[in-house]
Amino acid sequence: MRIAFLGTPEFAVPSLRMLIAEGHELAVFTQPDRPKDRGHALAMPAVKLAALEAGIPVYQFEKIRLPEGVEALAAFMPDLVVTAAFGQLLSAENLAVPKYGTVNVHGSLLPKYRGASPIQTAIIEGEEETGVTTMLTSLGMDTGDILLAAKTPIGENETYGELYSRLAELGAELLKETIARIETGTLEPVPQDDALATRCRPIKKQDAEIDFSLPSKRIHDLVRGLNPAPTAFARLGEANIRIHRTQLIPQQEQLLEKFASAAPGECVIASPKQGLIVRTGDGFIGIAELQFPGGKRLEAKAAMNGKKLLGCRFEQKQEV
RNA sequence: CGCGGGGUGGAGCAGCCGGUAGCUCGUCGGGCUCAUAAUCCGAAGGUUGGAGGUUCGAGUCCUCCCCCCGCAA
C-alpha cells in the first residue's frame, strides 16, 4: 500500500519501522526540526531520523492542515494515512485524501485517556492495566471509531519511560494487524462510548511537584509516571530537588512508632546506609534516586554522603 | 554566540579574605560476634577537568578550552 506516515517522537518509530519492514510505499510527514536543549542546535524528530535512515522522503510542515500541507499529502496519493503521536491536528481536507481513511495509534485503551498524555496519566492515576488502540481518525480529539485494541498490565514500579517503549512496540504490532485487516476488509469500526471517555491534558510543570501530604502510593505513582521526563520534584528551601525514583515501604509499623509525630515532607531517615525516607500523608516513602540543582541524578544513599537532610522538611506544595 | 549552576582520592561533598587538601560512604587489613547489612581499630588511595597567566607561593585570582547539570525552547 501507499501509506503516508505522520508521526514525530520515539513512540511512532516502531510503527514506522514495521511499515518499512512490511514493504509499504512510504512517505513521512513529521514536525519541523526544533531547537533543543542548551545551545541552539536544531534537533530532528526521532521519526525523521528513522525515515532518513531508510531512505524515505520526509516532509515537515508547521501545520499540515494548511493548504501547503494538504497539497503535499494529496500529491503523494496515499491509500492510507497512519498517524502516531504526530502532534498536529488534521483538517477535514487532510482526512479526505486517503481512500482507506486515516488510522491513528493511541497509547491507551480508548475511550479512556483521550488526549496528549495517556501513558503518563494512566500511571499517575494508578491504573493497573492499559494498552494501545487503533482507531479511525476523526476531527475530535481521539474520538474516532475504534478498530482494534491490545491490553497490557502496568507493573507496580514501571515507569513512564518503560511503559512508553512497551506500548510503542505493542502499537506497532497492533497497527500491523489493523492494516492487514483493512486490506482484507475484515474490520468493523466500533464507535466509542462517550460516557466512558476521560481526557488527559499535557503535563504541566505544576503537575510535577510532589505533595507529601498525599498517600505514599499516590506519590509513588506520580514519580514513576513522570520518569524520565519531566521528572517529579519537591522544594527544599529555595532548591528544587528532582525525585526520580521512590520506593514503597511494606512494613511501616516501626517507622510509625518512632516517627509518628513527623510532618508530611519531613526526612525522618537520611543516611548513607539507610537512604532517605520521608513522611507522607499516610505513612512513609523511600526516595531511591534524586537530583540536586546542578548535579546528576544519584542513588539516594550516595547523595546522603555529602548532604545532611535529616530532619529537613520538603516544602508544602503550593496550590495554584 | 538564549539564561544560569558545576567539575577536588572509587562515590557524594567541604575548603573563609591565596600558604602544597579535609569530611561521610566505599575499598583493603585486623578486632568483636554463632553471624551480620551492626560496631570498633588501622591502612591504602588525590599531578584539585585541561592549557596558559598573575604571584615568593593557587584548589583558592585572571584568560581560553573541554565535559557535566538545570531552565528556557
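By convention in this document, chain letters (A, B, ...) are assigned in the order of the sequence lines, proteins followed by strands, and residues within each chain are numbered from 1. Note that the structure is predicted; figures quoted are calculated from it, not measured.
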Presence of donor-acceptor pair under 3.5 Å, side chain of A:Arg38 and base of B:rG70: yes
Mind calculating the distance between [atom1] ([X]) and [atom2] ([N]) to the nearest angstrom?
{"X": "A:His244", "N": "B:rC69", "atom1": "NE2", "atom2": "C1'", "result": "11 Å"}
{"X": "A:Met304", "N": "B:rG12", "atom1": "CE", "atom2": "P", "result": "13 Å"}
{"X": "A:Glu289", "N": "B:rC69", "atom1": "CD", "atom2": "P", "result": "13 Å"}
{"X": "A:Lys296", "N": "B:rC68", "atom1": "NZ", "atom2": "P", "result": "8 Å"}
{"X": "A:Leu309", "N": "B:rC13", "atom1": "CG", "atom2": "P", "result": "12 Å"}

Please measure how far the [atom1] atom in [N] lies from the corresponding atom in [M], and state the result in whole Å.
{"N": "B:rA51", "M": "B:rA37", "atom1": "C1'", "result": "46 Å"}
{"N": "B:rG26", "M": "B:rC40", "atom1": "P", "result": "11 Å"}
{"N": "B:rA21", "M": "B:rA14", "atom1": "C1'", "result": "10 Å"}
{"N": "B:rC67", "M": "B:rU54", "atom1": "P", "result": "28 Å"}
{"N": "B:rG10", "M": "B:rG5", "atom1": "C1'", "result": "25 Å"}
{"N": "B:rU8", "M": "B:rC69", "atom1": "P", "result": "14 Å"}
{"N": "B:rC61", "M": "B:rC17", "atom1": "C1'", "result": "12 Å"}
{"N": "B:rU48", "M": "B:rG22", "atom1": "C1'", "result": "12 Å"}

Heavy atoms under 4.0 Å, any strand shown: does [X] hit a base, just sugar-phosphate, or nothing?
{"X": "A:Pro35", "value": "base"}
{"X": "A:Glu299", "value": "nothing"}
{"X": "A:Asp37", "value": "base"}

Base partner of [N], which must satisfy Watson-Crick or wobble distances under 3.5 Å:
{"N": "B:rG4", "result": "B:rC69"}
{"N": "B:rA38", "result": "none"}
{"N": "B:rU24", "result": "B:rA11"}
{"N": "B:rC64", "result": "B:rG50"}

Sub-6.0 Å ring centroid separation between A:Phe11 and A:Tyr164: yes
Distance-only polar pair, side chains of A:Gln31 and A:Gln88, donor-acceptor under 3.5 Å: yes
Given RNA chain B, 5'-ward residue of the pair A:Arg242 and A:Lys307, judged by closest heavy atom: A:Lys307
Residue met sooner reading RNA chain B from 5', once A:Lys308 and A:Gly39 are mapped to nucleotides: A:Gly39
Between [X] and [Y] (salt bridge meaning N to carboxylate O under 4.0 Å), is one present in this structure?
{"X": "A:Asp79", "Y": "A:Lys99", "value": "yes"}
{"X": "A:Arg34", "Y": "A:Glu62", "value": "yes"}
{"X": "A:Arg224", "Y": "A:Glu162", "value": "no"}
{"X": "A:Asp194", "Y": "A:Arg114", "value": "yes"}
{"X": "A:Glu68", "Y": "A:Lys63", "value": "no"}
{"X": "A:Lys176", "Y": "A:Glu22", "value": "yes"}

Per-nucleotide protein contact string for nucleotides 25-32 of chain B (B base, S sugar-phosphate only, - none; heavy atom under 4.0 Å): BS------
A:Arg242 to A:Phe233, cation-pi by 6.0 Å centre distance and 45° axis angle: no
Selection from B:rG12, B:rA72, B:rC69 that lies nearest to any side-chain heavy atom of A:Leu298: B:rG12
